[in-house]
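Quick notes on the structure that follows.
Numbering starts at 1 and runs along the sequence shown. All of these numbers come straight from a predicted model, not from anything done at the bench. Only this structure's heavy atoms are used, side chains among them; waters, hydrogens and symmetry mates stay out.
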Amino acid sequence: CHSYLHSLLDMYLFSFAWYEFSKRYRIRFVAIYLHLLPAFLGKQDDQFYAIRGYRLFLDWVEQYIHYYPYARLGTDVTLLSFSYHLLYAGDVAAVAFLISLFFLFKSYQQPHPVSYIFHSFAFIGAGSLLFPQLLYFIPLWLIGAYSFQSLTIRSFCGAIIGISLPYWFLLGHAFFYGEMELFYQPFIELVHFQPIEFGKNLQLWELVTLIYLFILFIVSAAHCIVSGYEDKIRTRSYLHFLIFLNFCIFLFILLQPIHCMDLMSLLLIGVSILVGHLFVLTSSKTSNVFFIGSTIGLILLFCFNIWTLL
């Protein structure tokens, strides 16, 4: 089991370690990066460099603990995450997803939205190279562009060019090196469906996390719909699109739970924005109780996910 929640604490602890230790061992970190880079690029013949980089990382942490003993607990938690938390394709695709969403929102009622739509769909295409199911969101993006009054014939053509741009580079690479299966693989995965079993294959920690996120989504979405008149028209359009987008992601996870780990990264983006909007703009007793309850639930969920790692 790999939890998204425990990585938040690791990020805080490791950021502190990085700030203190990089002042002394900045060159050592560059060496670690140069040895780990071939492994991140996926070259199987460079496993030696990956192992050496991992050993350099452990030496780096050991020296850090020697100079800063009071951070031993945080380093132990970080190493636990480093050993058990895998980087999924959806984690990287979520970055492209977020940037694409930014450009889509920027196209709102723009007199010349072609550039924004092009960049938005180009990042969707780039993310789909790692997570091909990201292409399923193209109709949602077109619906969003239409609701933002930025979908024209020119912007639609720009969207087609943007979504196909990463695949042009992939085709050139695959054709030049005679590895056309690299170009076919995303489309093969795109049409591969698991039998619809309505979440039967979800693990317990995944199901609990999804229930927690779904509760936050329902409450924050209801608040946006009921009190939407208090927001600006632009903000209301953004929030309504995020509600529709998150609903589709939940439905996608329900129908294809095999992609839960990848889709959860995309789900956290929209849910966090809606929940942030809820907590910032409400100050009643009910909202305060819900905030405290959601915080306690987050801590319990964190402990539960840590327990599943043991």
Chi angles and distances behind the side-chain contact (heavy atoms from CB on, under 4.5 Å) call for Trp141, Ser120: CA-CA 9 Å; Trp141 251 237; Ser120 178; 3.0 Å; yes
Stepwise side-chain contact (heavy atoms from CB on, under 4.5 Å) check, Gln110 with Phe148: CA-CA 9 Å; Gln110 289 287 341; Phe148 298 154; over 6 Å; no
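- The minimum heavy-atom distance between Leu242 and Gly270, with the atom names listed, is CD2-CA, 4.4 Å.
- Within the 4.5 Å cutoff, the side chain of Leu281 has heavy atoms near those of the Asp231 side chain.
- Residues Ile253 and Glu206 are not in side-chain contact: their nearest non-hydrogen atoms beyond the backbone lie 4.5 Å or more apart.
- By the neighbour-count criterion of 12 heavy atoms within 6.0 Å, atom CD1 of Ile188 is densely surrounded, having more than that number from other residues, nucleotides or ligands.
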Verdict with reasoning, Phe121 to Phe103, per ring pair (Phe, Tyr, Trp, His ring centres under 6.0 Å): CA-CA 9 Å; Phe121 280 80; Phe103 282 110; over 10 Å; no
side-chain contact (heavy atoms from CB on, under 4.5 Å) between His277 and Ile273, intermediate numbers included: CA-CA 6 Å; His277 178 269; Ile273 296 175; 5.7 Å; no
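- The two residues Leu151 and Leu142 make their nearest non-hydrogen contact at CD2-O, 3.8 Å.
- By the neighbour-count criterion of 12 heavy atoms within 6.0 Å, atom CD1 of Ile153 is sparsely surrounded, having that number or fewer from other residues, nucleotides or ligands.
- Looking at every heavy atom in both residues, Ser107 comes nearest to Ile117 through OG-CD1, 3.7 Å.
- Side chains of Thr152 and Tyr146 form no contact here, defined as non-hydrogen atoms less than 4.5 Å apart.
- Inter-residue side-chain proximity for Val275 and Phe217 is flagged as unmet; no heavy-atom pair is nearer than 4.5 Å.
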Test ring pair (Phe, Tyr, Trp, His ring centres under 6.0 Å) applied to Phe105 and Tyr116, step by step: CA-CA 9 Å; Phe105 286 172; Tyr116 296 106; over 10 Å; no
Intermediate values then yes/no, ring pair (Phe, Tyr, Trp, His ring centres under 6.0 Å), Phe175 and Phe183: CA-CA 9 Å; Phe175 180 79; Phe183 180 75; over 10 Å; no
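- Side-chain contact between Ser227 and Glu230 is present, with heavy atoms from C-beta onward closer than 4.5 Å.
- Looking only at side-chain heavy atoms (C-beta outward), Phe97 and Leu245 come within less than 4.5 Å of each other.
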